[in-house]
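I have placed the structure first, in the form of structure tokens, so that the comments after it can refer back to it.
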2 protein chains.
Amino acid sequence: MRQSRSDSKTHALDDLAAALNAAGYRVTKPRLAVIEVVLRAGRALSIEEILTRARRLHPQVGLATVYRCIDMLDRIGCSQHVWINGKGYVSACRDERLHYHLVCRRCHTVTEVDVAVCTDALQQSMAEAGFYAQQGAIEVLGTCQACRSRIEERVG
Amino acid sequence: MRQSRSDSKTHALDDLAAALNAAGYRVTKPRLAVIEVVLRAGRALSIEEILTRARRLHPQVGLATVYRCIDMLDRIGCSQHVWINGKGYVSACRDERLHYHLVCRRCHTVTEVDVAVCTDALQQSMAEAGFYAQQGAIEVLGTCQACRSRIEERVG
DNA sequence: ATGAATGCAAAGACTTTGCACTACT
DNA sequence: AGTAGTGCAAAGTCTTTGCATTCAT
């Protein structure tokens, strides 16, 4: 039997808790709640979405803690910020190599593009320019398949 | 003799004014001032930087007008937004094909990467995913050559 | 025990909006 | 002349910060 999706996510969560500890951060309930929410989402979440979901796991989480926790995840390199219409969204970032996130403007779903496909040539261009990328993922904004179908349904 | 850099930019400005007109927008002094500033910058500017510079060309430009003008440029597809540390910056976007902007986190210089190099493979991946990109340029944040040298000088 | 992390609320930063006035077309 | 565009200031939204308290180590 294959391991279930939920098990693997729980596993990633444990790993992250260990990583926190190793990086000198304390492992607290609010932090675990926020991290779990971000990891399980499969799409970019706004801060209030994270807050709402995190409160289901640990009801007294505060807004400031969410911001502070996201900052921490950024520093560790486990999360990515996207700005969609002037508002910040956060998505998990699991692959350590530079890769692409295709982010849907409508539903905020994040599709991770297979790394090997495009990044090599880009890396080379950056090397030539002497540019050092400081992002875990490169965000491309657009519309996903599902949302496009939905739009066509309504129009057609 | 070769055409000077300034001439070519002025030319681009005229073209844009014509484009505005064609798109049904009025060509006003504040707009021209903002557009000229963004086009000439060669790097991403914050709104207040745009305001300050635009006022040198047309002193009574207001803050709201800058925001509204940038919105307009976005709609026409001539400008790009980047968020650096939670603050919005705007850069000009001249190539109509999807391409890369290497944006330096420190000096906000924008290096345009030769389109043909990487985009084909990415386009194909997006097509496979049914994803439709709605950006003129893909922004990659990092540190440029010049800023890295500057840092090394200070540290070494 | 001790200081990092938290929650709350207040302060701050950035952006948008309403409205009377200006100036393109 | 008519209306899109403007400037100002007020309102709105998102984010950060100060401080007393809690909790992980």
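We name chains A, B, ... by the order of the sequence lines, and we start the count at 1 in each one. All values below were derived from every heavy atom in this structure, side-chain atoms included, with hydrogens, water molecules and symmetry-related copies excluded.
Using modelled atom types, one side-chain atom of B:Glu49 and one backbone atom of B:Ser46 make a donor-acceptor pair closer than 3.5 Å.
Proximity of residues 22-29 of chain A to DNA chain C (heavy atom under 4.0 angstrom from any strand atom) is restricted to A:Tyr25, A:Arg26, A:Thr28. Contacts between residues 75-88 of chain B and DNA chain C, defined by a heavy-atom separation below 4.0 Å, involve B:Lys87, B:Gly88, listed by number.
Between its opening and closing five pairs, the helix from C:dA1-D:dT25 to C:dT25-D:dA1 changes axis direction by 40°, a value rounded to 10 degrees.
If you take CG of B:Asn21 and P of D:dG5, they are 11 Å apart, rounded to a whole angstrom. Atom-to-atom, CD1 of A:Ile70 to C1' of D:dT16 comes out at 15 Å; the value is rounded to the nearest Å. Rounded to an integer number of Å, the gap from CD of A:Glu48 to C1' of D:dG12 is 14 Å. Across the protein-nucleic acid pair, B:Gln60 atom CD and D:dC8 atom C1' stand 13 Å apart, rounded to whole Å. Atom CD1 of B:Ile35 is separated from atom C1' of D:dT6 by 15 Å (rounded to the nearest Å).
By the 4.5 Å heavy-atom criterion applied to side chains, B:Arg43 and B:Cys107 are not counted as neighbours.
From the 5' end on, the contacts that DNA chain C makes with chain B at under 4.0 Å to a non-hydrogen atom open and close at C:dC14 to C:dT25.
At the phosphate of D:dT16, neither OP1 nor OP2 sits under 4.0 Å from any side-chain N or O atom of A:Tyr67.
Using a 4.0 Å heavy-atom cutoff across all strands shown, A:Arg68 reaches at least one base atom of the nucleic acid.
Donor-acceptor pairing under 3.5 Å is recorded for the side chains of A:Tyr25 and A:Arg75.
Of the two residues contacting DNA chain D, namely B:Arg31 and B:Arg55, the nearest-nucleotide position lying further toward the 5' end is that of B:Arg31.
Not counting sequence neighbours, A:Asp71 has no partner by the salt bridge (Lys or Arg N to Asp or Glu O under 4.0 Å) test. With sequence neighbours excluded, the residues that form a salt bridge (Lys or Arg N to Asp or Glu O under 4.0 Å) with A:Arg97 are A:Asp95.
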